[in-house]
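Working notes for the structure below.
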Amino acid sequence: MALLKNLIPHHSALSLIDNSTSLRQALQIHAHLLTSGAFTHDPSSFNSFLSSLALSSSPPLLSYSHSLLFTSPPQPPSFITVNSLIRAHSSGPSPDLCFSLYRHLLSLSFSPNHYTFTFLLRAAASDHGGLLGPAIHGVLTRFGCGTDRHVQSSLIHMYSSIGLVSHARVIFSDITDPDLVTITSMLTALTESGDVDSAREMFDEMSERDTVSWNAMIAGYVHLARSKDGLDLFGEMLNQGAKVNESTMVSVLTACAHLGALDQGTWVHAYIQKNRLKLNVTLGTSLIDMYSKCGSIERAMKVFWSMKEKNVFTWNSAINGLASNGAAEECLKLFELMERQGVVPDGVTFVGLLQGCCVAGLVQKGREMFSLMKDQYRIEPLHEHYGCMIDLYGRAGKLDEAVQFIHSMPIEPNVSAWRTLLHSCKMYNNVELGEYAMKEITNIEVNNDGAHVLLSNIYADNRIWKGVSSVRERMKEKGVKKEPGCSVIEVHGVVHEFFVRGKSHPRYREIKLMLGEVDRRLRLAGYQANTKEVLFDIEEEDKEDALSWHSEKLAIAFGLVVLEDGVEIRVVKNLRVCWDCHHWTKFVSKTFDRKIVVRDRNRFHHFKDGLCSCKDYW
DNA sequence: CTAGGGTTAG
């Protein structure tokens, strides 16, 4: 009778355990189970309790369950319970614990099965050394589990995670009749090795597709910076009536962020609301990122404040958004709030903070942040952080301090450290230091296109034509090619790409006419082209013409052709905007009475009435 | 107790 009376409450108590259960509640349930004598009367109660805790997907409950298993369990743990714990750890905060549990499993004289191995492989996929996975592969083969399809797709996933796609391929080709999940694993493996085109072939040949396979393909494009292809595929996904979910939208928003596609991003936001998709932390964070990368920091912050659950990614996105939009004060304030709310910042947080200080010229504050990161948060600075510091000094004209800082770095400065210095030399016309930085760069990497271009422009600015031609010679000799400039503009939800001197756009003729018209009106307004910085791969007589062909000019001209009066023109460029284009855009904003937003590799430029938000400091 | 897809910087 006592047994019956107590059984029902136990089971209903256990079924209440989920990821919202606090550790305190779990302890209460434990105490209840002990006092009610469940562990002595019901032979499976202890195992049920452990499994419920482990599978709650709450890290504190998982670790409580783990410790209970090792501290004199009142009933012998079952095989399935130990497997459940291994499973929970494999996607939890410390996957390594899977392996100590595996040893425990063996010490209890259980024999691992195909379930066990899928979990172990998932844990091994996050092993950086990449040695565990192949070892487990050997073991599971000896246990005869190598032909199980779940194990096989886990193997593919594991090999692709440790960078051995060829091994993943071998496993895949041994499977005679791969199912949907296995093909999707292989598809992801291909995209992770950089081969999206093969992945796409595989995707096109699939006899059936589900949401995950669509998502995998879209994410593959987005990760490889083929955002436009990603958006096109998303369009196809909608056309075919496939079901989209939160993950789909995260990838799509990331693509919009890359492209600066505000219309489509806004559309996605509305779609999320209309279709009641759950605005979880990840999705919310990608929305913040999309808005801030599209230059709409207000909307980004509106989403930020509306989110009740935030993680370090969320805070970082907001901090970075404020920094790149030039709102240094707010960025620093937000960080204070983050600290007060007890969210622990990471290395990425400090990249954002240092960039914020950098664009605002807050040298002292930047120094403080750098020491705060090292001394208080014990975060080891990476190249990115050192780069920000060099930029901080260099931009502020403190070239000596920048050099001193490089020399005092505990790690070997990389190419971008020196290139940052080189960029400051360009800003402050320091030929000698520029040559020194260039020498250091060529010691590390002979063919750095950006550095060659910078040095040549330093020479050109200082009318040292011999220097210009010698850099030109060297580039020819070494076959250094400048990364092609590319600008994108979204018009009525369609993304258009422009390349330097590219004539491929269908409305090229109209664009060319508009450029002529712009030139005419700008000259009347007093604009003079600056041909000093033109790339030397273009012949002398083409100079002025070539200037008007920089990709951002094409994109802006296209915007003038097709966008209604008063509509903001927003352009995203893959390189830094050059001095002439910046100057030109300021004139256009005034002469044509247009707001123009250009996002370059580093930051935003909001042009209005002939002025830019960067105050000509970029 | 199973396998595959998602966020921040550079």
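Letters A, B, ... mirror the listed sequences (proteins, then strands); counts begin at 1.
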Considering only heavy side-chain atoms of A/R87, the closest of B/dA9, B/dG4, B/dT2 is B/dT2

Winner on side-chain proximity to A/N311, out of B/dT7, B/dA3, B/dC1, is B/dT7

Donor-acceptor pair (no angle test) under 3.5 Å: A/N215 side chain, B/dG4 base = no

Where the side chain of A/S94 meets the backbone of A/D96, is there a donor-acceptor pair that is under 3.5 Å apart? no

Taking B/dG5, B/dC1, B/dA3 as options, the one with an atom nearest any side-chain atom of A/Y115 is B/dC1

Using atom types as modelled, flag every donor-acceptor pair under 3.5 Å from a side chain in residues 184-194 of chain A to any protein atom, sequence neighbours excluded.
residue, atom, partner, partner atom, Å
A/T184, OG1, A/L180, O, 2.7
A/S185, OG, A/V181, O, 3.1
A/T188, OG1, A/T184, O, 2.9
A/T191, OG1, A/T188, O, 2.8
A/E192, OE1, A/S160, OG, 3.0
A/S193, OG, A/L190, O, 2.9

Whole-Å distance, A/L69 CG to B/dC1 P, equals 17 Å

Looking only at B/dA3, B/dG5, B/dG6, the nucleotide nearest the A/A216 side chain is B/dG5

Phosphate oxygens OP1/OP2 of B/dT7: is one of them under 4.0 Å from a side-chain N or O of A/H223?
yes

Closest of B/dA3, B/dT8, B/dG4 to the A/V212 side chain is B/dG4

With the side chain defined as heavy atoms from C-beta on, A/T211 is closest, among B/dG5, B/dT2, B/dA9, to B/dG5

Residue set satisfying side chain to side chain donor-acceptor pair (under 3.5 Å) with A/S296, at least two apart, ordered chain then number -> A/R299

To the nearest angstrom, the CD-P distance between A/Q152 and B/dT2 comes to 19 Å

Query - Pair A/H89 + A/H66: ring centers closer than 6.0 Å - result: yes

Quiz item: Going by atom types alone, do A/H137 and A/Y159 pair a side-chain donor with an acceptor below 3.5 Å?
Solution: yes

Original post:
Heavy atoms under 4.0 Å, any strand shown: does A/L253 hit a base, just sugar-phosphate, or nothing?
Top reply: nothing

- NA contact type, A/R122, heavy-atom cut-off 4.0 Å: base, sugar-phosphate, or nothing? sugar-phosphate

Worksheet item: With sugar-phosphate meaning primed atoms plus P, OP1 and OP2, does A/S154 contact a base, only sugar-phosphate, or nothing at under 4.0 Å between heavy atoms?
Response: sugar-phosphate

Next on the checklist: Under a plain distance cut-off of 3.5 Å, with no hydrogens placed, do A/R419 and A/N448 share a side-chain donor-acceptor pair?
Outcome noted: yes

note: A/D148, atom CG; B/dG4, atom P; distance rounded to Å ~ 13 Å

So does A/A323 get a backbone contact from the side chain of A/R603, meaning a donor-acceptor N/O pair under 3.5 Å? no

Residues passing the side chain to side chain donor-acceptor pair (under 3.5 Å) test with A/S126, sequence neighbours excluded, are none

Looking only at B/dT2, B/dG4, B/dC1, the nucleotide nearest the A/S213 side chain is B/dG4

- Task: Under 4.0 Å between any heavy atoms, over every strand shown, what does A/H114 touch: base, sugar-phosphate, or nothing? Just pick one.
- Result: base

| query | Within the pair A/H157 and B/dG4, is there a side-chain N or O less than 4.0 Å away from OP1 or OP2? | reply | yes

* Asked: Looking at A/Y115 versus A/H150, is the centre-to-centre ring distance below 6.0 Å?
  -> no

A/R209 CZ to B/dG4 C1', in whole Å, measures 16 Å

Under 6.0 Å between ring centres: does that hold for A/F203 and A/W214? yes

The nucleotide from B/dT7, B/dA3, B/dG5 with an atom nearest the side chain of A/A219 is B/dG5

Within residues 284-307 of chain A, those residues having any heavy atom closer than 4.0 Å to DNA chain B are A/T285, A/D289, A/K293

Review point. With distance as the sole criterion, do the side chain of A/N245 and the base of B/dG6 form a donor-acceptor contact below 3.5 Å?
Key: no

- Task: Mind telling me whether A/Y64 and A/F49 have parallel, tilted or perpendicular rings, with 30° and 60° as the class edges?
- Result: perpendicular

Rounded to whole Å, OH of A/Y221 lies from P of B/dG5 at a distance of 18 Å

* To do: Using atom types as modelled and distance alone, determine if a side-chain donor or acceptor of A/D600 lies under 3.5 Å from a backbone N or O of A/V577.
  => yes

For A/S185, which contact category applies under a 4.0 Å heavy-atom criterion: base, sugar-phosphate, or nothing? sugar-phosphate

Side-chain contact check for A/V250: nearest option of B/dT8, B/dG6, B/dA3 is B/dG6

Rounded to whole Å, the CD1-C1' distance (A/I272 to B/dG6) equals 12 Å

ring-ring contact (aromatic ring centres under 6.0 Å, His included) with A/W315: of A/F350, A/F304, A/F335, only one passes, and it is A/F304

Under a 4.0 Å heavy-atom cutoff, the residues of residues 236-244 of chain A touching DNA chain B are none

To the nearest angstrom, the CE-P distance between A/M249 and B/dG5 comes to 19 Å

Would you call the rings of A/F405 and A/F370 parallel, tilted or perpendicular if under 30° counts as parallel and over 60° as perpendicular?
perpendicular

Separation of B/dA9 atom P from A/N602 atom CG, nearest Å, is 13 Å

In numerical order, the residues of residues 313-326 of chain A whose heavy atoms come under 4.0 Å of DNA chain B are A/F313, A/N316, A/S317, A/N320

